[in-house]
Number of protein chains: 2
Amino acid sequence: MRYGKEHKQATRQRIIEAAGRRLKTDGIDGSGVSTLMTDAGLTNGAFYAHFESKDDLVATAVAHELRAQREALGELPPGRVGVEHLIREYLSVGHRDNPGLGCPSAALLDEIGRAAAATKTAYTEGVLAFIEEFAARLAPDDPQSAHAKVLSIYAGMIGTLQLSRALADRELADEVLEQGIANALALVNAESAPDAVR
Amino acid sequence: MRYGKEHKQATRQRIIEAAGRRLKTDGIDGSGVSTLMTDAGLTNGAFYAHFESKDDLVATAVAHELRAQREALGELPPGRVGVEHLIREYLSVGHRDNPGLGCPSAALLDEIGRAAAATKTAYTEGVLAFIEEFAARLAPDDPQSAHAKVLSIYAGMIGTLQLSRALADRELADEVLEQGIANALALVNAESAPDAVR
DNA sequence: AATTTTGTATTACGTTCGTACTACCATAAG
DNA sequence: CTTATGGTAGTACGAACGTAATACAAAATT
């Protein structure tokens, strides 16, 4: 090998990371291959040496973003303190106003629902891993039962952040975040899963 | 006037309604003007006699979709029975599998967050009207305090439906809906707003 | 009833941007 | 100094939004 094994790998990684930001900022359909490559400091022709197609990169980038999100969980304080921290951070003004650095689900979820099968598969696997880690943190003794609950909490946070981003009235958008935090915290602190209330 | 006042108005309405379905199915960036017009039984050139730009149509269609969603509220049984019905319908398999006939927020929310200002403004107004009607139905005596609560319920349902649509594993997708229903019902039936739990 | 008028839609075009591919070049390893 | 690798630059072709010239259809006028 001429360039040393890492060269191409490192470039590939650079493309994936730059693409993660760009996709979350401009959307999947809103990001062209040429732009994605320019972001990585390359020209569009080099793209197909690294990925089969745009769909291939999108699926890879989505997987990478979710892995990063899962790994960020590990850096939080242990137990419910960490969970509470996560919720307040997730539903913060800073996160809302910087989609490129934030949650891929909040930025892209409806587009992922319409995306190629490979992207949906990558997303599904990534979310499952994230949810499991989240559940283990929330209820170390019984992560299995927390699984479903965490799914709902995550879904609620995604919808809340998207809604806050879509509103033209900033005051209302901030109120949505506030209420979302209260709501998520209540769910986390509820002793039983909501379906026990039925 | 040569064609009778209604002709152009009727055509415009046809475009808006067809666009509503197409946008929700293929996304905003995923729907071309040419396709939108073909859906309405016209050719692309006629478009600019009815709308200034694609953004103009998108904003109009979003407003129309939200108005329709609000009006659908009126056809439900009164009181909490109707609300419960709405939740089960919203988080149903049928709704998930037919985005074109469903909620515009669930189909487009993250794209709306990135859309032109006019679209975000139209969305904001439409959502506010919807939320107010919802709140009045949930708490006829004190719709003001229900306002914030309803925002959270709506956001949660949006995220839940999007998540269910994005998952490649059908079983998991169905579980997400189930859990979302339980979650939303618990919120509706909670006596106080969640922030009282803090 | 025939003709003019005018609003509506079609067809065709310009330009830009999208994905995909290929031929060529520069670099660094051997 | 050869050779393979990773990259650039350029090309093909279709789809995007938007505009303009043209055709058509229906109401109003005579």
Side-chain angles (χ1 to χ4, degrees), chain A residues 1-20 22-62 108 111-112 114-119, chain B residues 1-20 22-62 108 111-112 114-119:
Chain A
M1 293 162 197
R2 301 298 145 126
Y3 264 74
K5 228 179 192 171
E6 325 89 35
H7 281 224
K8 191 169 182 180
Q9 273 297 326
T11 304
R12 183 185 158 93
Q13 207 56 29
R14 215 171 65 234
I15 296 172
I16 292 170
E17 277 160 29
R22 172 65 67 173
L23 290 169
K24 288 189 290 181
T25 305
D26 292 351
I28 297 174
D29 285 349
S31 308
V33 170
S34 172
T35 306
L36 293 170
M37 291 302 278
T38 304
D39 285 349
L42 299 170
T43 52
N44 77 44
F47 180 82
Y48 296 90
H50 293 278
F51 302 94
E52 274 193 0
S53 63
K54 184 183 172 183
D55 282 344
D56 182 15
L57 168 60
V58 170
T60 307
V62 164
L108 302 173
E111 276 193 294
I112 291 171
R114 294 185 290 267
T119 303
Chain B
M1 291 157 197
R2 299 300 143 127
Y3 263 71
K5 230 176 191 171
E6 326 88 33
H7 281 225
K8 190 169 182 181
Q9 274 297 326
T11 303
R12 183 185 157 93
Q13 208 55 30
R14 215 171 64 235
I15 297 171
I16 292 170
E17 277 160 29
R22 173 64 67 173
L23 290 169
K24 290 188 290 180
T25 306
D26 292 352
I28 297 174
D29 285 350
S31 307
V33 170
S34 172
T35 306
L36 294 170
M37 290 303 277
T38 304
D39 286 349
L42 298 170
T43 53
N44 76 45
F47 179 83
Y48 296 90
H50 293 278
F51 301 95
E52 273 193 1
S53 63
K54 183 184 171 182
D55 282 345
D56 181 15
L57 169 61
V58 169
T60 307
V62 164
L108 301 173
E111 276 192 295
I112 291 171
R114 294 185 291 267
T119 302

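Lettering of chains follows the sequences in order, A, B, ..., and the numbering in each one begins at 1. These values consider heavy atoms only, across backbone and side chains, with no hydrogens, waters or symmetry-generated copies.
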>> I need the Leu36(B) CG to Phe51(B) CZ distance, nearest 0.5 Å.
In response: 10.0 Å

> Would you call Thr25(A) and Arg114(B) a side-chain contact if the rule is heavy atoms closer than 4.5 Å?
Replying inline: no

> With the sugar-phosphate defined as primed atoms, P, OP1 and OP2, and the base as all remaining atoms, what B/S/- string results for nucleotides 11-18 of chain D, 5' to 3', for protein heavy atoms under 4.0 Å?
Replying inline: ------SB

>> Under the rule for side-chain hydrogen bond (donor to acceptor under 3.5 Å, both in side chains), what residues qualify as partners of Asp26(A), not counting sequence neighbours?
In response: Arg22(A)

> Expressed in angstrom and rounded to an integer, what is the separation of Lys8(B) atom NZ from dC24(D) atom P?
Replying inline: 21 Å

>> Heavy-atom nearest nucleotide on DNA chain C for Ala49(B) versus Gly45(A): which residue maps closer to 5'?
In response: Ala49(B)

>> Does dG6(D) have its OP1 or OP2 closer than 4.0 Å to a side-chain nitrogen or oxygen of Thr11(A)?
In response: no

> To the nearest Å, how far apart are Phe51(B) CZ and dA9(C) C1'?
Replying inline: 15 Å

> Using a cut-off of less than 4.0 Å, is there contact between a side-chain N or O of His50(B) and OP1 or OP2 of dA9(C)?
Replying inline: yes

> Hey, what do you get for CD (Gln13(B)) to CD1 (Ile16(B)), rounding to the nearest 0.5 Å?
Replying inline: 4.5 Å

> Choosing from dT10(C), dG7(D), dA9(C), which nucleotide comes nearest the side chain of Leu42(A)?
Replying inline: dG7(D)

> At what distance, to the nearest 0.5 angstrom, does CD of Glu111(A) lie from CG of Leu23(A)?
Replying inline: 8.5 Å

>> So which atom in Thr119(B) and which in Asp55(B) form the shortest heavy-atom distance, rounded to 0.1 Å?
In response: OG1-O, 3.9 Å

